[in-house]
Asks: 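Before anything else, here's the structure in question.
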Protein chains: 2
Amino acid sequence: MGIVRKTKAVKILLDLFDNGFSAISAVDLVERLKDEMNKTTVYRALDRLEDDGIVHSFVGKSGLKWYAKCKSSCTADHHNDVHPHFECKKCKKVMCLPVEVTIPNIPNHTIDNTAVFITGICDNCND
Amino acid sequence: MGIVRKTKAVKILLDLFDNGFSAISAVDLVERLKDEMNKTTVYRALDRLEDDGIVHSFVGKSGLKWYAKCKSSCTADHHNDVHPHFECKKCKKVMCLPVEVTIPNIPNHTIDNTAVFITGICDNCND
DNA sequence: TGTATTAACGCAACTAAAATGCATTAAATT
DNA sequence: AATTTAATGCATTTTAGTTGCGTTAATACA
């Protein structure tokens, strides 16, 4: 369960997440890191980082898996900080939105997890 | 563009959607209809049905593509009736929720589309 | 109602994301 | 420094979905 060893791969990944990616897809990471580590390593390291609540994942509109660093202290089974993810159809960037989305109460349903995925045009492209 | 001919495949699909599926994944449809039509046919017919605003699609938590029949009159480019989709982790069923979800205003962002995917336990399994 | 047109189909092959098995390597622990 | 085993690399596999192409069948029209 979770990260046990601070390997080179894990350090590189954490460094990438710290240096400004709001969110990045697994595919992008594999491509970007192809000279530094095997794609299997990327997938497995991301899995462990997610297990430890260091990053969270979500699927984009196309079904691709995206990763972003957690803000608050999330754990394996408890992800606080549930925020929408936004994909700009112009610059293709995906980012976490620091906004609260409230889901109306649904009778007799137990809500476990809510994922909100928004597409549109981001502030940067909206000038 | 869209459905032009009422083929056997299209009729079978529409019949399935009418007879009680709240939502069904493409994979499930391919499996369920494997004796009646080719998987390529399933994918292509679903594409056309979606183009015509007869069904809508969304990606589940695992990245699989799901389809459900549209309630209101949706067209190719305009899907009214944007509702959350709910996956029960017990019975694995996915359904459309007849609820409004309001996304808070996000400064300088143009919102194009919003997908809300909720996981939890449905009313049927919650007894 | 028969014939022509072409959308839709079936099949095989392909693509891309992600997972798996296994031998090897390198963190951590002593 | 030696030991332990988590983590890695590489090859292979799995799975969802797509594409090309020859054939079939739904529609239109004579």
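Each chain gets a letter, A, B and so on, in the order the sequences are listed, and its residues count up from 1.
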Asks: Checking the side chain of B/Asn126 only, and the main-chain atoms of A/Asn108 only, is there a donor and an acceptor separated by less than 3.5 Å?
Replies: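 Such a contact is found between B/Asn126 side chain and A/Asn108 backbone.
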Asks: Select one nucleotide: of C/dA18, D/dA7, D/dA26, the one nearest the side-chain heavy atoms of A/Thr7.
Replies: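 Among the listed nucleotides, the one closest to the side chain of A/Thr7 is D/dA7.
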Asks: Tell me: CG of A/Asp47 to C1' of D/dA7, nearest whole Å?
Replies: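 Interatomic distance, CG of A/Asp47 to C1' of D/dA7: 13 Å.
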Asks: Assign each of B/Arg44 and A/Asn38 to its nearest nucleotide of DNA chain D by heavy atoms, then name whichever residue's nucleotide is nearer the 5' end.
Replies: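 Comparing both residues, the 5'-ward one is A/Asn38.
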Asks: With ring-ring contact (aromatic ring centres under 6.0 Å, His included) as the test, would you mind laying out the steps for A/Phe86 and B/His109 before giving the verdict?
Replies: CA-CA 9 Å; A/Phe86 184 94; B/His109 289 244; 4.7 Å; yes
Asks: Nearest to the side chain of A/Lys39, heavy atoms from C-beta on, is which of D/dA16, C/dA19, C/dC9?
Replies: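 When the side chain of A/Lys39 is considered, C/dA19 is the closest of D/dA16, C/dA19, C/dC9.
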Asks: What integer distance in Å separates B/Leu64:CG from C/dA16:P?
Replies: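 Rounded to the whole Å, the gap is 19 Å.
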Asks: Of all the choices, C/dA7, D/dC10, C/dA28, which nucleotide is nearest to the side chain of A/Lys6 once you look at every atom?
Replies: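 Comparing C/dA7, D/dC10, C/dA28 against the side chain of A/Lys6, the answer is C/dA28.
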Asks: Once you round it to whole Å, what is the distance between C1' of C/dC11 and NZ of B/Lys34?
Replies: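 Roughly 17 Å, once rounded to whole Å.
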Asks: Hydrogens and angles aside, do A/Thr119 and A/Glu87 bring a side-chain donor and acceptor to less than 3.5 Å of each other?
Replies: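 Their side chains do not contain a donor-acceptor pair, so the 3.5 Å distance test is not met.
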Asks: Taking NZ from B/Lys65 and P from C/dA17, how many angstroms apart are they, rounded to a whole number?
Replies: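 Distance, rounded to whole Å: 16 Å.
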Asks: Atom CG of A/Leu13 and atom P of D/dA7: how far apart are they, to the nearest Å?
Replies: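 Distance check: A/Leu13 CG to D/dA7 P gives 13 Å.
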Asks: How many Å lie between NZ on A/Lys11 and C1' on D/dT8, as a whole number?
Replies: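 Rounded to the whole Å, the gap is 15 Å.
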Asks: Looking only at atom types and distance, does a side-chain atom of B/His85 sit under 3.5 Å from a main-chain N or O of B/Phe58, one as donor and one as acceptor?
Replies: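 No, B/His85 side chain to B/Phe58 backbone: no donor-acceptor pair under 3.5 Å.
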Asks: On DNA chain D, compare the nucleotides closest to B/Lys8 and B/Val27; which residue's is nearer the 5' end?
Replies: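 Its nearest nucleotide lies further toward 5', so the answer is B/Val27.
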Asks: Give the rounded distance in Å between these two atoms: CE of B/Met37 and P of D/dA25.
Replies: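 Between P of D/dA25 and CE of B/Met37: 14 Å.
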Asks: Once you apply a heavy-atom cut-off of 4.0 Å, does B/Ala26 come out as touching a base, just sugar-phosphate, or nothing?
Replies: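 Touches sugar-phosphate only.
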Asks: Figure out the CH2/P separation between B/Trp66 and D/dG17, and round it to whole Å.
Replies: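 Result: 11 Å.
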Asks: Indicate, with a heavy-atom threshold strictly under 4.0 Å, whether A/Ala45 touches base, sugar-phosphate, or nothing.
Replies: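 The residue A/Ala45 makes no contact with any strand.
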Asks: Decide yes or no, distance alone: a donor-acceptor N/O pair under 3.5 angstrom between the base of C/dA28 and the side-chain of A/Arg5.
Replies: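 Under the 3.5 Å cut-off, the side chain and the base do not form any donor-acceptor pair.
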Asks: Closest approach to the side chain of B/Tyr43, judged atom by atom: which nucleotide of D/dG17, D/dT8, C/dC11 is it?
Replies: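 Of D/dG17, D/dT8, C/dC11, D/dG17 is nearest to the side chain of B/Tyr43.
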Asks: Where do A/Ile24 and A/Trp66 come nearest, in terms of heavy atoms and distance?
Replies: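 Nearest heavy atoms, A/Ile24 then A/Trp66: C-CE3, 3.3 Å.
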